[in-house]
Amino acid sequence: MLSSRNVVEVRAISKSYVSGGRRVEVLKDVSFDVGKEFVAIIGPSGCGKSTLLRIIAGVEKPDKGEVVFHLSGKPVIGFVFQFPTLLPWMTVLDNVALPLIAAGLRRNEAIEKARTALKIVGLGEFEDFYPGELSGGMKQRVNIARALAVEPGVLLMDEPFSNLDPLTAETLRNEVLDIWLSSILPVKSIIMVTHNVEEAVLMADKVVILSPRPAKVVKIVDINIPRPRSRKASEVQELVDRVYEYVS
């Protein structure tokens, strides 16, 4: 953990949907704090993890509760989706620049920021390629570059490695951690939704464990293991087993 000061406060979030004429409660009084740290959110399938992430991002509104950001100025949020969602008719560079231009940045400035972000994720030589010419791992790198290009204070990731082969996923996990820990970007906190317990323990400073729907916080587990971490280390396996006990 880099600092104990809160960057994000999730306060008593509740959310329901109406489906088939009945109300389905998804989240119930979910609360936790995020400092200058990497937080993983984990829980059973369908418990509302992604809904919670969208509420933190501000693209969905809770029925009750609030999300408070302690950032200077208007909070800038980067969002890495599970799937790249790249526009196939635009080059890699233009895909990364698009949200910057949409936010009002002049095209030449947006292009420079996009170019910098692509270099950070190791795709500087592929800016003129189209998404159809890239591998799955490279597309997800573009997805990450697009989120980083806005220079976010908080980076949100929704199961960003779940659709990649194991080797590519491991490489990208390490690269994301390296980028964040290097402080070359203003990202203060990362909040990642995952269904992979080992991934959560290997990456995060803190794991927030949710119950089945309606999701509540079952347990918050601090991961006080120095980085880099090895999945073979006994302390890692002990924490994986401990988290599994709460998830199950």
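Remember, predicted model here, so these are calculated numbers, not experimental data.
- A side-chain contact (heavy atoms from CB on, under 4.5 Å) with Arg141 is found for one member of Thr171, Val176, Leu134 and no other, namely Thr171.
- Closest non-hydrogen pair, Met203 versus Leu177, comes out as O-CD2, 3.6 Å.
- Using a 4.5 Å heavy-atom cutoff, the side chains of Glu127 and Thr91 are not in contact.
- No more than 12 heavy atoms of other residues, nucleotides or ligands lie within 6.0 Å of NZ in Lys28, so this atom counts as exposed by the packing criterion.
- Side-chain N or O atoms of Asn143 include one that pairs as donor or acceptor with a backbone N or O of Phe81 at under 3.5 Å.
- You'll find the side chain of Val207 stays beyond 4.5 Å of the side chain of Tyr246, heavy atoms only.
- Atom OG of Ser135 sits about 9.0 Å away from atom CG of Leu164, to the nearest 0.5 Å.
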Subject >> side-chain contact (heavy atoms from CB on, under 4.5 Å) evaluation trace for Val76 with Glu151 >> reply: CA-CA 7 Å; Val76 179; Glu151 298 180 349; 5.8 Å; no

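- With a 4.5 Å cut-off on side-chain heavy atoms, Val7 and His70 do not count as touching.
- The CG atom of Asp241 sits 8.0 Å away from atom CD of Glu238, with the distance rounded to the nearest 0.5 Å.
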Show me, pair by pair, the donor-acceptor contacts under 3.5 angstrom made by side chains of residues 189-201, not counting sequence neighbours?
from	atom 1	to	atom 2	distance (Å)
Ser189	OG	Gly35	O	2.6
Thr194	OG1	Asn196	N	2.9
Thr194	OG1	Glu199	OE2	2.7
His195	ND1	Glu159	OE1	2.9
Asn196	OD1	Glu198	N	3.1
Asn196	OD1	Glu199	N	2.9
Glu198	OE1	Arg231	NE	2.8
Glu198	OE1	Arg231	NH2	3.2
Glu199	OE1	Arg173	NE	2.6
Glu199	OE1	Arg173	NH2	3.0

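- Note: Phe129 CZ to Asn95 CG = 14.5 Å, rounded to the nearest 0.5 Å.
- Side-chain contact check for Lys188 versus Phe69: every heavy-atom pair is 4.5 Å or farther apart.
- Side-chain contact between Val24 and Arg213 is present, with heavy atoms from C-beta onward closer than 4.5 Å.
- Screening Ile41, Val208, Asp29 for a side-chain contact (heavy atoms from CB on, under 4.5 Å) involving Val217 leaves a single residue, Val208.
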**OP:** Before giving the answer on side-chain contact (heavy atoms from CB on, under 4.5 Å), spell out for Gln140 and Thr168 the whole-Å C-alpha distance, their side-chain angles and the decisive distance to 0.1 Å.
**Re:** CA-CA 10 Å; Gln140 194 64 333; Thr168 302; over 6 Å; no

**OP:** Under the side-chain contact (heavy atoms from CB on, under 4.5 Å) rule, what do Leu118 and Phe126 come out as? Steps first, then yes or no, please.
**Re:** CA-CA 8 Å; Leu118 284 169; Phe126 294 87; over 6 Å; no

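- Gln82 and Ser162 share a donor-acceptor pair across their side chains, judged by distance under 3.5 Å alone.
- A heavy-atom distance below 4.5 Å is found between the side chains of Leu27 and Ile55.
- Tracing side-chain contacts under 4.5 Å through hydrophobic residues (I, L, V, M, F, W, Y), one never reaches Val39 starting from Leu239; they form parts of separate clusters.
- Between Lys49 and Asp158, no side-chain nitrogen of the basic residue sits less than 4.0 Å from a carboxylate oxygen of the acidic one, so the salt-bridge criterion is not met.
- Under the 4.0 Å criterion applied to side-chain N and carboxylate O atoms, Asp178 and Arg227 are not assigned as salt-bridge partners.
- Residues Val218 and Tyr244 fall within the same hydrophobic cluster, defined by Ile, Leu, Val, Met, Phe, Trp and Tyr side chains chained together at heavy-atom separations under 4.5 Å.
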**OP:** Check the pair Arg115 / Glu112 against salt bridge (Lys or Arg N to Asp or Glu O under 4.0 Å), numbers first and verdict last.
**Re:** CA-CA 5 Å; Arg115 188 167 281 132; Glu112 284 309 307; 2.9 Å; yes

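- A heavy-atom distance below 4.5 Å is not found between the side chains of Leu155 and Trp180.
- In the hydrophobic clustering of ILVMFWY residues, with side-chain heavy atoms under 4.5 Å counting as a link, Met157 and Leu86 come out together.
- In the hydrophobic cluster analysis, where Ile, Leu, Val, Met, Phe, Trp and Tyr join through side-chain heavy atoms closer than 4.5 angstrom, Met138 is grouped apart from Leu98.
- Closest approach of Lys219 to Arg242, counting heavy atoms only: CE-NH2, 4.0 Å.
- Taking CD1 of Ile13 as the reference point, atom NZ of Lys64 lies at 10.0 Å (rounded to 0.5 Å).
- Nearest heavy atoms, Pro152 versus Leu148: CD-O, 3.6 Å.
- Between Ile223 and Ala204, the shortest heavy-atom distance links the atoms CB-O, 3.4 Å.
- Side-chain atoms of Arg54 never come within 3.5 Å of backbone atoms of Glu60 as a donor-acceptor pair (strictly under, hydrogens ignored).
- Using a 4.5 Å cut-off on side-chain heavy atoms (C-beta onward), Leu172 and Ile144 make contact.
- In this structure, the side chain of Asp222 does not engage the main chain of Asn224 through any donor-acceptor pair within 3.5 Å.
- In this structure, CZ in Phe32 is found 7.5 Å from CG in Leu210, a value given to the nearest 0.5 Å.
- In this structure, a donor-acceptor pair under 3.5 Å is present between the side chains of Thr85 and Arg146.
- Ion pairing of Asp205 with Lys36 is absent here, as no side-chain N (NZ or NE/NH1/NH2) approaches a carboxylate O to less than 4.0 Å.
- Of the possible polar contacts, none joining the Glu25 side chain to the Ala215 backbone as a donor-acceptor pair under 3.5 Å is found.
- The two residues Ile179 and Ile184 make their nearest non-hydrogen contact at O-CG1, 4.1 Å.
- One hydrophobic cluster, built from ILVMFWY side chains closer than 4.5 Å, cannot hold both Leu87 and Val142; they sit in different ones.
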Original post:
Given the rule in the side-chain contact (heavy atoms from CB on, under 4.5 Å) test, do Phe79 and Leu53 qualify, once you have shown the distances and angles that lead to the verdict?
Top reply: CA-CA 9 Å; Phe79 203 114; Leu53 204 66; 3.8 Å; yes

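- Counting all heavy atoms, side chain and backbone alike, Thr51 lies closest to Lys15 at CG2-CG, 4.1 Å.
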